[in-house]
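Convention: sequence-line order gives letters A, B, ...; per-chain numbering from 1. What you see is a predicted model; the values in this text were computed from it and never measured. Quick note: numbers below take in every heavy atom, side chains included, and nothing from hydrogens, waters or symmetry partners.
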Number of protein chains: 2
Amino acid sequence: MTDEAFPYTRRFLQGRSRDALSDREKGLLEGLVDKVERFTAPHTILNRGDVVDQSTILIEGTVARVIHEDGKRHIVALHVPGDFVDLHGFALKRLDHDVVSIGSVQIGFAPHDRIQKILETEPTLARMLWYSTLLDAAMHREWIMKLERLSADGRLAHLVAELWQRLDFVDLAGENGFSLPLTQQELADACGTTSIHMNRVVKKLRETGVVDISRGQVTVLDKTLLKELGAFDPAYLYGRGPLKLT
Amino acid sequence: MTDEAFPYTRRFLQGRSRDALSDREKGLLEGLVDKVERFTAPHTILNRGDVVDQSTILIEGTVARVIHEDGKRHIVALHVPGDFVDLHGFALKRLDHDVVSIGSVQIGFAPHDRIQKILETEPTLARMLWYSTLLDAAMHREWIMKLERLSADGRLAHLVAELWQRLDFVDLAGENGFSLPLTQQELADACGTTSIHMNRVVKKLRETGVVDISRGQVTVLDKTLLKELGAFDPAYLYGRGPLKLT
DNA sequence: GTTGGAACTTAACATATGTTAGTGGCCGGA
DNA sequence: TCCGGCCACTAACATATGTTAAGTTCCAAC
């Protein structure tokens, strides 16, 4: 059976574990998705503090997890298609962050009672779902390291390298870059700096021939420089796909 | 049965879920611990990249999770007694960070095959273990927010407030502070700054009457100021215990 | 095409933080 | 007892980043 038979979870399968699952299990995973929604304008899908009874899987586009604090937004995670965005909501129930769409997105919703049933009856899938939340935490740790260690240009380089790699896992990376609908303000929110300073950094990386970010498109000019500047080692992503940046 | 019957997991039970478990389940949890070790000097217990077949629970003292990068150490998480330090190692197997002891610590080891058995047969405990790793991720997210949003004094204030709260959950917080064996260098490593600058910040917080950190002892001088400065809202800890700082 | 707003860009200045260098105190080992 | 090393602390200077205030480009709605 081809992956096209699983329109909602296709990217998830590409990213992690296509070969580890039987077709029956893939079908069960696909069956988690209850309904699908598309948002074309920026939209806050879930709010911090919400009590949730379903989790969301990103099918297409980009979403961010955001913590608002006195008027400023701080991006604590970015997601690519195939990611379970708030699977942790299944156990924690109350969200500690907002979930917002960036650009045009398509999202699937998985009711918690369906997840519950899978957990009880499908040990392989249960393990995989847990695994998926642990990978999330590993990325968080790398972001912490990035924020503690790197200055603004390094942070941007790291962000670009990570997104490129993660998009590559789900077959969405181009040969020399990828499409990224983030504004400079949003890049700044993800790197813990201001849009003015992010503008300086974007300009600098462009002029030094590292990476060009403009009009929603990332073009990597020198992947070695990019990796060095971002102190990027993809090991924490635990990926099984081809490691384009390695 | 009193909690003293569970010497290894007593703090874990105090922190989260004492009432949610039957005595039988508490016994099973306690039985996860295979052997116990004590380290009196600073010691690297596990290394990044290690393939692990057991997970560690902190019984007494402080441990840090550390990512080394060109000679510098970056603390990505700190743990208090009762924490499962690397439960994620059960699923991920390969560690993406070191685990190091700070001061004198006592640590229990839980072989993965025992955890596996619990997961297969004890849904309540399985859920609780998953929950525990998700809480870990929630703290990571808060650290990301803290690093993105706060300057060095705010970061230190946040760190102190968080540790005080978490120690309170496990009955280890004092009325006006707590014992903390971190050096200024280590505080700097956890706040993404240098020891020199951390020294400035420690001095400033002491002089402005927020908190006094000296000789391994944290004395909170003004908890309202501390919370404000650190933008600290304990909601993300999802705690059930008394919220001393609220 | 015009208009309005959002995104991008730049400049000048203030501040936080990093860097390098060095001091003195404390404590444990020889 | 002395010694050596780690830790706390300070100073002077360099740099990265934040802040405020503009101007410009781009694009979409009308």
Does OP1 or OP2 of [N] have a side-chain N or O of [X] closer than 4.0 Å?
X        : N      : answer
B:Thr193 : C:dG18 : yes
A:Ser151 : D:dA16 : no
A:Gln184 : C:dT9  : yes
B:Lys203 : D:dT10 : yes
A:Asn199 : C:dC8  : no

Inset, instruction - Select base, sugar-phosphate, or nothing to describe what A:Gly216 touches, counting heavy atoms under 4.0 Å on all strands. - result: nothing

Legend entry - Sugar-phosphate only, base, or nothing, as touched by A:Arg155 at under 4.0 Å among non-hydrogen atoms: nothing

Inset, instruction - For the residue pair B:Phe39 and B:His43, categorise the inter-ring angle as parallel (less than 30°), tilted (30 to 60°) or perpendicular (more than 60°). - result: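 Parallel.
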
Legend entry - Check: D:dT19 base within 3.5 Å donor-acceptor of A:Arg200 side chain: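 Present.
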
Legend entry - Lys/Arg-Asp/Glu bridge criterion (N-O < 4.0 Å) met for B:Arg11, B:Glu60: no

Inset, instruction - Could you tell me the separation between the CD atom of B:Gln185 and the P atom of D:dA8, rounded to a whole number of Å? - result: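 Roughly 9 Å, once rounded to whole Å.
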
Legend entry - DNA chain D: 5'-proximal contact among B:Arg206 and A:Met198 (nearest heavy atom): B:Arg206

Legend entry - Side chain to side chain, B:Asp83 and B:Arg166, heavy atoms closer than 4.5 Å: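 When only atoms from C-beta onward are counted, B:Arg166 and B:Asp83 do touch, with a gap below 4.5 Å.
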
Legend entry - Crowding at NZ, B:Lys204 (>12 non-hydrogen neighbours, <6.0 Å): no

